[in-house]
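In what follows, chains carry the letters A, B, and so on, assigned in the order in which the sequence lines appear, proteins first and then strands, with residues in each chain numbered from 1. Quick caveat: nothing in here was measured; it's all calculated off a predicted structure.
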There are 4 protein chains.
Amino acid sequence: MINNVVLVGRLTKDPELRYTQGGVAVARFTVAVNRTFSNQQGDREADFINCVAWRKQAENLANFMRKGSLVGVQGRIQTGSYDDKDGKRVYTTDIVADNIQFLEPRNATGGGGNFNQPSQQQNYGGQSNQFNAQPQQSYQNQPMNQQNYTNMNDDPFSAPSQGNAPQGSVDMSDDDLPF
Amino acid sequence: MINNVVLVGRLTKDPELRYTQGGVAVARFTVAVNRTFSNQQGDREADFINCVAWRKQAENLANFMRKGSLVGVQGRIQTGSYDDKDGKRVYTTDIVADNIQFLEPRNATGGGGNFNQPSQQQNYGGQSNQFNAQPQQSYQNQPMNQQNYTNMNDDPFSAPSQGNAPQGSVDMSDDDLPF
Amino acid sequence: MINNVVLVGRLTKDPELRYTQGGVAVARFTVAVNRTFSNQQGDREADFINCVAWRKQAENLANFMRKGSLVGVQGRIQTGSYDDKDGKRVYTTDIVADNIQFLEPRNATGGGGNFNQPSQQQNYGGQSNQFNAQPQQSYQNQPMNQQNYTNMNDDPFSAPSQGNAPQGSVDMSDDDLPF
Amino acid sequence: MINNVVLVGRLTKDPELRYTQGGVAVARFTVAVNRTFSNQQGDREADFINCVAWRKQAENLANFMRKGSLVGVQGRIQTGSYDDKDGKRVYTTDIVADNIQFLEPRNATGGGGNFNQPSQQQNYGGQSNQFNAQPQQSYQNQPMNQQNYTNMNDDPFSAPSQGNAPQGSVDMSDDDLPF
DNA sequence: TTTT
DNA sequence: TTTT
């Protein structure tokens, strides 16, 4: 059945990358989408939407996007529930990302000098991301934002275990690289 | 910013119609959207997605749709939170419906004989729903599924108060009627 | 980049199924989507949107859907062009369907008795299609609506040759069957 | 019925702003959306999608966006036709934009110095565009990119005359301004 | 060239 | 628990 979501917004924090026991990369992130209208106090509010990405998209996201980065997400809504430490049922709603577009990186806050956005770049020919990737940012070499959890099932906020880590030969190509 | 959702699925219960203190109709409903893939046990699961509709769409939904009815929903994700009776913060995610399409009514389970689907109807003129509305189902006369709450703010599950009940002259035309 | 379309509407004709030289099934069909508003003459117009489906989706569509059938389509916009017999450039816009939902079959117009919609069916448990598939409708056995073109490239309206017939192991599972 | 499109891509040319005889602003523009996969030659192609915006969105677009600017568009597909000078019927497909997000301005190619993107701006308060509008860019004062056509019906590529220029009190608020 |  |  049709279950289709598109969001454009900013990461509220650095994405959180983990690996399942089977070694599959999963990234969790929250996208803040500002509303296009103001409330009665004249303020513009935002919706904070939890998202999950898998595999290469997860790794690319963790490597190239930061708190504040602008992203486009196409995916589907996934609902679930778990029991918290008080035995209380908590219902969850997440967007499972099928496709993520890196619209704008956020400069690294540290002294890294990475993700710099040259003012006079010539970026004809296609992709919308606006940064020059340095070799050391390659996801194969040293994933950033990575945490050392290995068992997602310890964490009630981890994505559910059934059916959402597409196994098999759906291996993504270099087309998933954001450049 | 872009925040766009489209769902096609079935109502898990009759829609719940209320009115705000200002007299604005609000309907809450949950759409079950079956996943297009099976889990590791070979079962097809579903996502249960909470939705809100306002004004005439809310009234039409409550009048014509039932548990099991197939609907299309176009809208946006809205997040919020409230504190439950234990003082615990609960986060909510709902779809605010901009546009609802009645794809198929579900026969009333009671002896009503309403919402019957005549096999030889002539229903030219546009909408895809397949039933003849009886006069007594007119939303002006006697809204069905209605509850007598008048103050949504008593209810933590009610839609938030700010900004989502578009006031003013956005009055809907008869185009909103599902026939 | 994000290029996302969702439509719900009716087939203007029976879908047209062909096979590429490589043996890949392609279906072309047009979805009429009625507008939700009326024009200045008070009439409700429609948009007629050309779509393409590939492989098992194409075959299922051709087997189970007919002129008048209600479908949901999720996909992306694809543009192209060709030169007509007068050497004039013609620009094309099509929706490439990633996912098709069969919302309602249309009874076969002939005496077939297929695709009948029993009035008292018990269809709990999920899928939205409303018909009982007869064995002889199985897509493996005898595809319907099929034409005997084998070389799509003879036809300027055929889908372009580059990149849109995902080769390889993306073979669809039985989940694609509409029941 | 549901007819929903979301695109993120770049303008292929400066938007073309006109006014109907009734004085309603209309902008036409084409969005290039790069495909996420490569063709058999290993090249990444793009789809070139014609779009229309109305009223304040049209004016804002013409004032702030240029060839190369990155935009998000949410809208619906509209089909139509006209007869060309040879009396040949030409079919058209356009996206009618309900909502446009300015994701990134493109610096004016001329010596203007407009649309510069200060590196240390403070742009709190909502929108994702990253530039400071100069007073002379205000849409009320001197619309840019404007052409002096007054009768859209002279132009077969103009948006159709029926029903798509919502008259009346749908006047947009300042929320439509891109800052 | 269009569905209901 | 939130981005700009």
With C:K13 via salt bridge (charged side-chain N to carboxylate O under 4.0 Å, His left out) - residues at least two apart: none
Nearest-Å distance for atom pair CG/C1', residues B:L103 and E:dT3: 14 Å
Selected nucleotide, minimal atom distance to A:A46 side chain, candidates F:dT3, E:dT4, E:dT2: F:dT3
Charged N-O contact under 4.0 Å between C:R35 and C:D47: yes
C:A53: partners by side-chain contact (heavy atoms from CB on, under 4.5 Å), with sequence neighbours left out: C:F29, C:Q57, C:A58, C:A97, C:I100
Phosphate-side-chain proximity, C:K13 and E:dT2, N/O vs OP1/OP2 below 4.0 Å: no
Nucleotide nearest A:T30 when distance is taken to its side chain, options E:dT3, F:dT2, F:dT3: F:dT2
Spacing between A:I49 atom CD1 and F:dT3 atom P, to the nearest angstrom: 15 Å
Between C1' of E:dT4 and CG of C:N34, the distance in whole Å: 6 Å
Spacing between D:N3 atom CG and E:dT3 atom P, to the nearest angstrom: 18 Å
Separation of E:dT3 P from D:I77 CD1 (nearest whole Å): 19 Å
Interatomic distance where CZ belongs to A:R35 and C1' belongs to F:dT4 [whole Å]: 16 Å
Which nucleotide in E:dT2, E:dT4, F:dT3 has an atom nearest any side-chain atom of D:Y91: E:dT2
Interatomic distance, C:L11 CG vs E:dT2 P [rounded to whole Å]: 16 Å
F:dT1 OP1/OP2 closer than 4.0 Å to side-chain N/O of B:R89: yes
Rounded interatomic separation in angstrom, taking CE from D:M1 and C1' from E:dT2: 13 Å
Under-4.0 Å salt bridge between C:D84 and C:R89: no
